[in-house]
Every structure is written in structure tokens, then in C-alpha cells.
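Everything below concerns the one structure shown next.
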Amino acid sequence: MPLNKEQIAKRIAQELEDGFYVNLGIGIPTLVANYIPKGVNVVLQSENGLLGMGPFPFEGEEDADMINAGKQTITTLPGSALFDSAMSFGMIRAGKVDLTVLGAMEVADNGDIANWKIPGKMVKGMGGAMDLVAAAKNIIVAMQHTDKAGNSKLLPQCSLPITGLKCVKKVVSDLGVFDVTPNGFVCIEYAPGVTIEEIKAKTAGMLTIADDVKEMVF
Amino acid sequence: MPLNKEQIAKRIAQELEDGFYVNLGIGIPTLVANYIPKGVNVVLQSENGLLGMGPFPFEGEEDADMINAGKQTITTLPGSALFDSAMSFGMIRAGKVDLTVLGAMEVADNGDIANWKIPGKMVKGMGGAMDLVAAAKNIIVAMQHTDKAGNSKLLPQCSLPITGLKCVKKVVSDLGVFDVTPNGFVCIEYAPGVTIEEIKAKTAGMLTIADDVKEMVF
Amino acid sequence: MNKVVANAEEAIKDIESGATLMLGGFGLCGIPENCITAIVKKGINNLTCISNNAGVDDFGIGLMLQTKQVKKMISSYVGENAEFERQLLSGELEVELIPQGTLATRCMASGYGMPAVYLLAGVGTEVANGKETRNFNGKDYLMEYAFDADFAIVKAWKGDTMGNLIFKDTARNFNPLMAMAGKITIAEVEELVQPGDLDPNFIHTPGVYVHRIFQGVNYEKRIEQRTTRKPQA
Amino acid sequence: MNKVVANAEEAIKDIESGATLMLGGFGLCGIPENCITAIVKKGINNLTCISNNAGVDDFGIGLMLQTKQVKKMISSYVGENAEFERQLLSGELEVELIPQGTLATRCMASGYGMPAVYLLAGVGTEVANGKETRNFNGKDYLMEYAFDADFAIVKAWKGDTMGNLIFKDTARNFNPLMAMAGKITIAEVEELVQPGDLDPNFIHTPGVYVHRIFQGVNYEKRIEQRTTRKPQA
């Protein structure tokens with residue numbers, strides 16, 4: 001059975017290593033914070049200007065001055081640091097943030113990503129997405145494998161306007177885990193109950209099944 | 001009689017306007033701080049990272065962490081701000097500092113300045129001089145008009161290695177005050193007791209005497 | 001050296017129609033509420049506004065959109081604003097979208113006197129159109145120009161009469177960057193204090209960058225996404 | 001996320017001969033005294049040192065010059081050091097001189113992931129030799145590359161175990177800039193505190209830039225030019 005959003009987040013959380021600085025995008029990526037493995041300490045970065053993002057505040061303790069990049073009220077933690085938006089993207093560009101997790105509309109088998117604009121629809125802007133995908137040293141995409149009509153979102157090339165080139169390192173979809181390699185997508189795990197045949201059928205981009213492919217374990 | 005160092009500093013202090021941010025170099029320029037006219041409030045910048053430089057500390061109150069760009073122990077004043085060296089030169093480059101006063105070995109009649117290196121002698125480095133002369137929006141040079149051998153230091157072109165091109169706006173020497181214009185040096189004031197003939201004789205660069213040239217008043 | 005003006009009206013009195021304004025803030029966080037109100041009241045128009053976002057329909061820059069004072073928005077993200085969308089689709093409003101980090105860094109470049117920097121964001125995308133691309137160490141970068149404005153309008157937590165500013169929490173965001181990038185920089189503060197009241201070691205924006213300062217009033221500080229958790233049992 | 005090491009010896013234990021080091025400080029102000037002592041003790045050599053100054057004969061980087069550990073100095077000003085002068089004139093020591101603001105900004109560029117910036121300093125001088133010159137808005141600028149080092153060694157006033165740093169007074173100088181530019185950044189602090197002890201609003205160097213931190217001991221904090229005034233009668 002394909003993963004739900006929480007399961008996608010939970011699987012991505014397994015990629016976190018102790019001591020990582022991590023930027024979590026809006027949507028499924030935000031949920032990753034709920035599944036950080038025990039004993040793994042990570043520091044969450046919010047690109048509007050915070051290292052050490054804490055949980056939502058208790059009711060009544062919200063502070064309009066303390067929000068994350070999704071404009072949600074949040075808190076700090078002991079050891080947090082605040083800074084301006086130039087330093088925030090500066091540390092990402094300089095490779096100091098170990099991992100960025102974000103959503104996508106499309107990913108190509110060379111790592112290109114499209115996630116900011118649909119021609120013909122109102123364009124809201126790229127926000128920090130173009131900076132993050134261009135500059136982050138390790139990018140995992142959390143996404144649905146297909147659109148509502150069943151069309152693959154893992155493609156030979158993006159059909160939507162590009163957000164960044166050759167930047168995605170790994171995709172965790174509702175169907176499995178895919179490394180992005182010089183040979184395209186390599187399926188290294190499949191969701192419990194999902195077949196390799198289904199993954200093949202629903203992946204339009206170049207796809208290889210890893211020799212040691214295995215069922216995902218939570 | 002030619003001015004002494006204190007008088008050069010005193011004359012330069014007349015150029016200060018209320019509200020100016022001012023960077024004073026090492027040597028005679030430092031003395032300018034002692035002659036700031038009454039009613040004129042200026043903020044002194046020290047390029048190692050301080051706005052609002054105060055006087056030397058009282059004996060026993062020196063703090064190794066609080067020095068100026070000349071490495072002298074100093075103090076702050078109410079309203080001071082500290083910052084790193086990149087921001088310090090950043091605000092100079094951005095034209096936020098109104099006036100820079102510095103010394104020179106040679107000034108050319110097009111505003112070129114040489115003040116960092118004498119071939120054949122140990123070169124100590126340019127420190128912040130090249131940044132200051134290239135970036136400051138208004139530069140006054142405080143200097144002796146001639147070297148010890150009596151040779152003019154206001155020249156048609158610098159003979160020493162250049163610190164910066166076409167940047168000096170005004171020279172206050174022991175003999176007078178000289179604007180640097182497209183037509184070379186223009187003498188606008190002479191020191192009390194110094195003759196125009198002496199100034200002409202001791203100025204190798206292109207020199208004009210202003211129609212309204214006058215004796216310097218302190 | 002006293003940079004204090006009485007209020008927002010006085011601070012913005014010489015801003016004329018057609019001016020280019022930078023406005024600090026991220027979403028509704030850290031926005032110069034008093035100056036926005038005064039600009040709406042003054043009724044100037046044809047403004048070019050550089051701000052990361054465009055407010056919501058009834059708050060922030062959204063208020064200036066309601067009154068059709070904005071000719072062009074330069075932002076990274078402009079969602080959550082129906083009137084904005086209407087004006088954009090009808091062609092009344094121009095929009096230029098810039099990646100968020102690029103927007104921030106171009107303001108900083110201005111404050112540091114750097115005419116251009118090389119940044120990664122947007123390489124290979126439509127943002128790169130017309131921009132110089134240059135390879136350093138095997139990676140392509142876009143040359144991006146420093147960004148300034150006739151007036152930068154920022155909101156700080158505290159400021160002193162000499163213009164030194166400190167910001168609180170994530171309300172810092174673009175504010176200190178834009179404060180460096182204004183030909184004239186106007187700061188509104190929640191608390192105006194005397195020189196010496198702020199620790200010189202912890203000034204975010206040195207006063208040299210600020211031309212006018214005033215104590216703001218009646219801050220609403222609206223929250224866009226109120227997210228909370230329940231106390232644990 | 002605990003970045004604490006026991007002392008300077010442990011902090012520098014993997015620095016090998018031939019490494020490129022950045023050392024914070026301006027003159028003798030804000031220099032990493034403990035690490036310099038440990039480097040002298042460790043006896044590594046052929047070091048390239050990037051630091052605004054080179055210390056004095058018997059303090060600061062001067063100590064590493066006495067022991068002939070430095071192959072090359074990259075600085076803006078190297079006066080007040082007889083042994084330095086002797087080694088330079090004898091050809092034992094290489095020196096590269098860089099304008100002070102350029103040195104600072106090249107470190108910052110590294111920490112901000114900007115491979116190159118355009119700066120005014122040195123246009124038309126021998127510093128411009130071999131550098132690309134480019135005109136923006138009628139002014140010539142030099143293209144200057146970001147600057148990093150195998151190890152950046154900085155001295156802070158206080159730091160927490162997560163690597164967040166604050167600096168005191170003008171001992172800040174190059175320290176936060178170099179802290180951003182090290183492949184490995186080592187911070188020695190006068191006071192090591194726990195996470196939460198520093199106000200997150202007033203961190204100068206976020207911990208993400210710092211890899212190792214320790215509480216220094218026996219700071220001498222020597223004054224180069226002791227200037228004072230008499231109390232007024």
C-alpha cells in the first residue's frame with residue numbers, strides 16, 4: 001500500500017544523522033520533525049533566519065515575531081541563533097546546512113526539479129525554493145509519485161518551469177525510495193505492499209531497480 | 001610660518017560638519033579629534049570595527065579588547081556601535097562615512113595618492129589605506145608640503161607606488177589648503193606668514209592660486 | 001546626530017509618487033506598520049515596492065494594493081492576497097519575482113558597497129534570462145547586481161536616537177539588510193531609547209545606515225498562521 | 001551537537017605541516033592565544049597563515065615566526081616585528097599583502113557561498129596586477145575571490161557548547177568573518193557556557209559555522225599601544 005504523508009516523513013527522518021543541520025520545506029517536509037529518531041540530535045534551520053527551530057508554542061504563548069518560513073508561529077530552543085535572511089541563505093550556499101528536504105511537482109531523472117510555477121495558473125513566486133535547490137549540498141524530495149490523474153511525476157525531463165538543475169539527490173515518494181544517480185532513478189526501497197511492477201509502471205524517468213532493493217522498514 | 005602638526009589638524013577640523021561620520025587615519029589625522037568645533041557633533045569611525053570612538057581611557061581603565069585602528073586603547077561613547085571588519089569597510093564603500101582624513105607621502109595634482117610603500121624599504125603593508133582611499137567619498141590629506149630634503153610632495157604624478165587613483169579631494173599641508181580639481185591643485189588658503197611665492201616654489205604639481213585666496217584663520 | 005522625527009507622517013513626508021521603496025518584513029512579521037498606514041493616508045501612487053511579500057488583503061502592503069498605490073512589486077513570494085491576484089491578472093500591477101536569498105543578498109551587497117555578486121539561485125531557470133552566467137570551480141553562478149531604493153522603510157524592536165537598531169526574533173529577516181540599502185533609510189521602532197541604552201556589542205544595524213527614526217504606535221503585529229500545541233497532560 | 005573539545009592541544013591535533021590557517025584578531029586584539037601556543041608546542045611547520053597582522057616579536061603569530069613554522073603570511077599589515085622582517089629579507093618567509101577590507105570581505109564571501117565579489121580597493125595599484133577589472137556605474141572594481149582555509153582559528157568572548165559565539169568590543173574584528181571561512185573552524189572562548197545561556201537574538205556567529213570549541217586559559221591579552229588620559233582635576 002502506498003505510504004501516506006506521515007509515512008513519507010517518517011522514512012525521510014531515517015536519513016537524519018546525529019549533528020545534522022537540516023532545512024525542512026513546507027508540507028510533508030515539515031512533518032519530518034515529528035519523527036526524528038531517538039538519540040539523533042539535529043538542528044532545524046528556518047530560512048527566514050533561525051537555527052534551532054523548536055515546536056509550536058503552547059496556546060496563548062504565540063509571538064508574532066517568532067515564525068518559521070511557512071509563517072507558522074514557532075519557538076526557539078536552548079542554543080538557537082537568529083540572523084538576517086542574507087546570512088540564512090549564505091550558510092546554505094556555503095554548504096553548512098547538511099540536508100534540505102522539500103516538496104516537488106516534478107523531478108527529472110538527472111535531478112532537475114520543478115516546484116514553483118504552473119503555466120496558466122497564478123504564480124505566487126519561488127520564495128526561497130530556487131536558493132535552496134541551487135545551493136543546498138544534499139536535497140531529498142518528498143512527493144507523491146504520480147499526480148491525481150495517475151501521471152508519473154518522476155520524469156525523463158521536467159515539463160514545468162525548472163526550479164533548479166541536477167540538484168535532487170534522493171526522492172522519497174509514496175511508492176518507494178529512489179536515489180538520483182548518473183544512471184537516473186535507482187529504486188532502493190519499495191513501500192510495504194507496493195510491487196516493483198507498479199513502481200516501474202508509474203515511473204516515466206529512467207529507472208533501475210537496485211540489486212539489493214528491499215521493502216521499506218520503519 | 002608653516003603650520004605645525006596641531007595646526008594642520010586644527011585647520012582640518014574646520015571641515016567637519018555637524019552630523020558627519022568621520023574616519024581619521026593614523027598620525028596627524030588622529031589629532032583632528034582634539035579640535036572638533038563647538039556645536040559640531042561628529043561620530044568617529046575606526047575601521048577595525050567601531051562607530052563612536054571615544055577618548056583614551058583613564059589610566060587603569062585600559063581594555064585590551066577596545067582599541068582603534070592604530071592599536072591604541074580607546075573608549076566608546078553613548079550610542080557607539082561595534083561590528084566586524086567586513087561591515088566596517090562595507091559602510092565606507094557604500095558611501096555612508098562622510099569624510100576620511102589620512103596622511104600621505106605624495107599626492108598628485110589629479111588626486112592620486114601614494115602612502116604605503118617605499119621601494120627598497122621594508123614594506124609593512126597597506127592595512128586599510130587602499131580600501132579607504134578607493135572607497136571613501138570625501139578624502140582630505142594631512143601632510144607636510146615637502147620632504148626633509150625640501151622636495152615637493154604635491155606632484156604632477158606620484159613617483160612612489162600608488163595607493164589609490166584620483167581620490168584626494170583636498171590637501172591641508174603645513175603651507176596651506178589646496179583643493180584638488182580637474183585643473184590640479186588650487187590654493188584656497190595659505191598659512192599665516194607663508195607667501196604665495198613660497199607655495200609656488202614648493203609645489204611641483206599643477207597649481208592655481210584661487211582668486212579669493214586668503215590667509216588661514218583658526 | 002539626532003535622527004528622531006515625530007511620527008510616520010513626518011518620516012515619509014518627502015516620499016513622492018513614483019518612488020521606489022524597500023519595505024522590511026517576512027510575511028506580516030516585522031513589517032513597518034506605521035509607515036504603511038501613513039503611505040496609505042498620504043495617497044501617493046505609482047510606487048515600486050521591494051519587499052519579500054505583498055502582505056494579505058487587509059494588512060501590510062495589501063493595504064497599499066487596495067488603494068492602488070503600487071505600480072510594481074518586486075518580491076519572492078506573493079501568495080495569499082486576492083486583490084493582488086486580481087490586479088496582476090488585469091494587468092494593473094507589474095510583478096518581478098526574485099529568489100528570496102538573492103533578494104536578501106542584493107540588499108546586503110548595496111550596504112557593503114559591492115556592485116555585484118555571484119549567486120547560485122536560479123541558474124538554468126527563467127530567472128537566469130538576460131543575466132550573465134559565470135563558472136567558478138565547476139559550478140555556474142548568476143551575476144546579480146546590488147539593489148537599492150529611494151527609501152528603505154524598516155521596523156525594529158528598539159532603536160536609539162542616533163539610529164542604532166536591534167531586532168527581535170525572526171522579525172529581523174530583511175529589515176537590517178534593507179536598512180543598509182536605502183538612499184534614505186527610515187526606521188520605526190517599538191521602543192525609542194537614548195544613546196547608551198543599547199549595548200554597543202549587540203547592535204544589529206549601526207546608526208550610520210539610518211537617516212530617520214521614530215517610535216511607532218499601536219502595533220497590531222498580526223499573526224498569519226497561528227499554530228500552537230496543547231499543553232502536555 | 002556537542003562541539004566541545006578539552007583544550008587547544010585537542011582542538012588542533014589534526015592540523016598538519018603545510019596547512020593553511022586563518023587566525024582571527026587585529027594586532028594583538030582578539031587573537032587565539034591558546035591555539036597559537038599549542039601550534040608552537042606541536043611544532044608543525046610550512047604553514048600558510050592568513051591573518052590581518054603577524055603579531056609582535058614575542059607574542060601572537062610572532063611566536064610561530066620565532067620557531068620558523070610559517071612559510072607564508074597573507075596579511076594587510078605586518079609592521080612591528082623584527083624577526084618577521086629578518087625572515088622576509090632573507091627570503092625564508094613569503095608575504096602576500098591584501099588590503100584590509102578586501103581580506104575581511106573575501107572571508108565573508110566564503111561564509112556566504114559567494115565565489116567572487118567586486119571591490120574597489122587596489123584599483124590602479126600593484127594589487128590589481130593579474131586581477132580582472134570591471135566597470136560598474138562608471139567606477140572600476142577588482143574581482144576578488146572568496147577566501148577559505150583548512151582551519152579557521154578564532155577567539156571569542158563567550159561561546160556555547162553548540163558553537164554559538166559572541167565577541168567583545170573591537171576584539172570582534174576578523175574573528176566572525178574567519179569563523180565562517182574555515183573548512184574546519186576552531187573557536188577558543190574566554191567563557192564556555194551552556195545552550196540557552198546566550199540570547200539567540202545577539203549571537204554573532206551561529207554555531208553552524210563552528211566545528212570545535214573550548215574554554216581557553218591564562219589569557220594574557222597584551223596591549224600593543226597603551227594610551228590613556230589623566231583624570232580631569
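Every chain is numbered from 1, with letters handed out A, B, ... down the list of sequences.
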So what's closer than 4.5 Å to chain D heavy atoms on P57(B): side chain, backbone, both or neither? both
Quick one, W116(B) and L97(D) - any side-chain contact, counting heavy atoms below 4.5 Å? yes
Please check this pair: side chain of D131(B) against backbone of T102(D), looking for a donor-acceptor N/O pair closer than 3.5 Å. yes
Please classify the contact of F89(B) with chain D as side chain, backbone, both or neither, using a heavy-atom distance under 4.5 Å. side chain
Find the distance between CG (L82(B)) and CZ (F167(D)) and round it off to the nearest 0.5 Å. 12.5 Å
For T125(D), the option from L165(B), D112(B), V133(B), I162(B) that meets side chain to side chain contact (heavy atoms under 4.5 Å, CB included): I162(B)
Compare all side-chain heavy atoms of Y77(D) with those of K71(B) and state whether any distance is below 4.5 angstrom. yes
Among R226(D), K139(D), R172(D), R229(D), which residue forms the greatest number of heavy-atom pairs with chain B at distances under 4.5 Å? R229(D)
Okay, side chain of T105(D), backbone of A86(B): is any donor-acceptor separation there less than 3.5 Å? no
For the CE atom of M130(B) and the CG atom of L120(D), what is their distance to the nearest 0.5 Å? 13.0 Å
Could you tell me which of I98(D), D140(D), L28(D) has the largest number of non-hydrogen atom pairs under 4.5 Å with chain B? I98(D)
Sort E47(B) into side chain, backbone, both or neither according to what part of it lies under 4.5 angstrom from a heavy atom of chain D. both
So which of G27(D), C29(D), P99(D) has the largest heavy-atom pair count under 4.5 angstrom toward chain B? P99(D)
Determine, stepwise, if the pair M122(B) / F84(D) fulfils side-chain contact (heavy atoms from CB on, under 4.5 Å). CA-CA 10 Å; M122(B) 162 75 185; F84(D) 184 98; 3.9 Å; yes
K117(B) versus chain D, heavy atoms under 4.5 Å apart: side chain, backbone, both or neither? side chain
Could you state the interatomic distance from OG1 (T170(D)) to CD1 (I67(B)), rounded to the nearest 0.5 Å? 5.0 Å
Most contact-rich option vs chain B, by heavy-atom pairs under 4.5 angstrom, among K168(D), R106(D), M108(D), is K168(D)
Options G30(D), A104(D), S76(D), A121(D), ranked by heavy-atom pairs under 4.5 Å with chain B, top entry: S76(D)
S46(B) versus chain D, the contacting section by heavy-atom distance below 4.5 Å: neither
Rounded to the nearest 0.5 Å, what's the gap from CD on E62(B) to OG1 on T228(D)? Could you check? 6.0 Å
Looking only at K221(D), E224(D), E126(D), the option with the highest number of non-hydrogen pairs under 4.5 Å against chain B is E126(D)
